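Please read the structure below before turning to the comments.
Chain naming here is simple, since letters A, B, ... match the order of the sequence lines and numbering starts at 1 in each. Side chains included, hydrogens not; waters and symmetry mates left out as well; all remaining heavy atoms used. Values in this document were obtained by computation on a predicted structure and should not be read as measured data.
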Amino acid sequence: MITGDIPPNQTIYIKNLNEKIKKEELKRSLYCLFSQYGRIFDVVALKTPKLRGQAWVVFSEVTAASNAVRQMQNFPFYDKPMRIQYAKSKSDCVAKEDGSFVPREKKKKQEEKAERKRRAEEAQQSSMANGTGAQSNGGTAASFRNANTQETAAPNNILFIQNLPHETTSSMLEMLFQQYPGFKEVRMIEAKPGIAFVEFEDDVQSSMAMQALQGFKITPQNPMAITFAKK
DNA sequence: AGCACA
């Protein structure tokens, strides 16, 4: 048993991740991939020698973590099968919520100063995973509404995806859609962020993927809107 | 293989 005897935890520990992927991209993609199981509080990944190739995904519910451990076990992610277990301990962001958080006493004065600075910077910069991100969805929501008023195309083998966060990449979508039989390719247009086309072998297979991923949230603000492409 | 919280 891959989870060993680690008791269930709302945080999952993932290893065998592709170490070539940059930290920020890795976190975004993990967030994208795992938000299908529930609300994600945080994604932690460090590239230090000891911690590269590993990550923690903190869910709001243990049940979400359990489903993720089971269903995403060995999922090919950036060409490597993910190995997923429950985390061995409670995440800081969870401890902070339930009041049991005690800051670790490991730092020297120099480092503390550096950390305070970092935190200040982060507050400015925003992170996607905690939902306080500053990336604007206003424009996307508007174009989504407009597009929605258009007539629907007849079922066919190409899906039209809307309301994607602008930082979505084709490889992120590939990881989501390739789970479904008949997947052929993802196409995105540089000049048109927020949308994508996903091609399948036939319209039955595209329909299956549409049903499975309809409303899938890459971020809490971005439920996917999937329709058939106009031919 | 490796369980952290930059």
Run the side-chain donor-acceptor check on residues 62-69 of chain A: report pairs under 3.5 Å with partners two or more places apart or on a different chain.
residue : atom : partner : partner atom : Å
A/Ser66 : OG   : A/Val62 : O            : 3.1
A/Ser66 : OG   : A/Tyr86 : OH           : 2.8
A/Asn67 : OD1  : A/Arg70 : NH2          : 2.7
A/Asn67 : ND2  : A/Thr63 : O            : 3.4

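- Between the CZ atom of A/Arg104 and the C1' atom of B/dC5 there is a distance of 6 Å, rounded to whole Å.
- Atom C1' of nucleotide B/dA4 and atom CD1 of A/Ile14 are separated by 13 Å, given to the nearest angstrom.
- A/Ile6 has its CD1 atom 10 Å from the P atom of B/dC3, to the nearest Å.
- Applying the side chain to side chain donor-acceptor pair (under 3.5 Å) test to residues at least two apart or on different chains, the pairs with a partner in residues 171-183 of chain A are A/Thr169-A/Ser171.
- A salt bridge is defined here as a Lys NZ or Arg NE, NH1 or NH2 lying under 4.0 Å from an Asp or Glu carboxylate O, and A/Arg28 with A/Glu167 fails to meet this definition.
- Listed pair A/Lys50 / B/dA4 meets the phosphate criterion, a side-chain N or O lying under 4.0 Å from OP1 or OP2.
- At a cut-off of 3.5 angstrom, counting only N and O atoms as typed in the model, there is no donor on one side facing an acceptor on the other between the side-chain of A/Thr11 and the base of B/dA4.
- In this entry the distance linking NZ of A/Lys27 with P of B/dC5 reads 12 Å, nearest Å.
- Nearest-nucleotide positions on DNA chain B for A/Trp56 and A/Lys23 put A/Trp56 closer to the 5' end.
- No engagement by A/Lys47 is indicated, since no non-hydrogen atom pair under 4.0 Å with the nucleic acid exists.
- For A/Val44, the side-chain atoms get nearest to B/dC5 when compared with the rest of B/dC3, B/dC5, B/dG2.
- In this structure, the CG atom of A/Asp42 is 15 Å from the C1' atom of B/dC3, given to the nearest Å.
- Between the OH atom of A/Tyr13 and the C1' atom of B/dA1 there is a distance of 8 Å, rounded to whole Å.
- Side-chain contact check for A/Asn16 and A/Lys80: at least one donor-acceptor pair (N or O, by modelled atom type) lies under 3.5 Å.
- Remark: C1' of B/dA4 and CZ of A/Phe41 are 18 Å apart, rounded to the nearest angstrom.
- In this structure, CG of A/Asp92 is placed 8 Å from P of B/dC5, rounded to the nearest angstrom.
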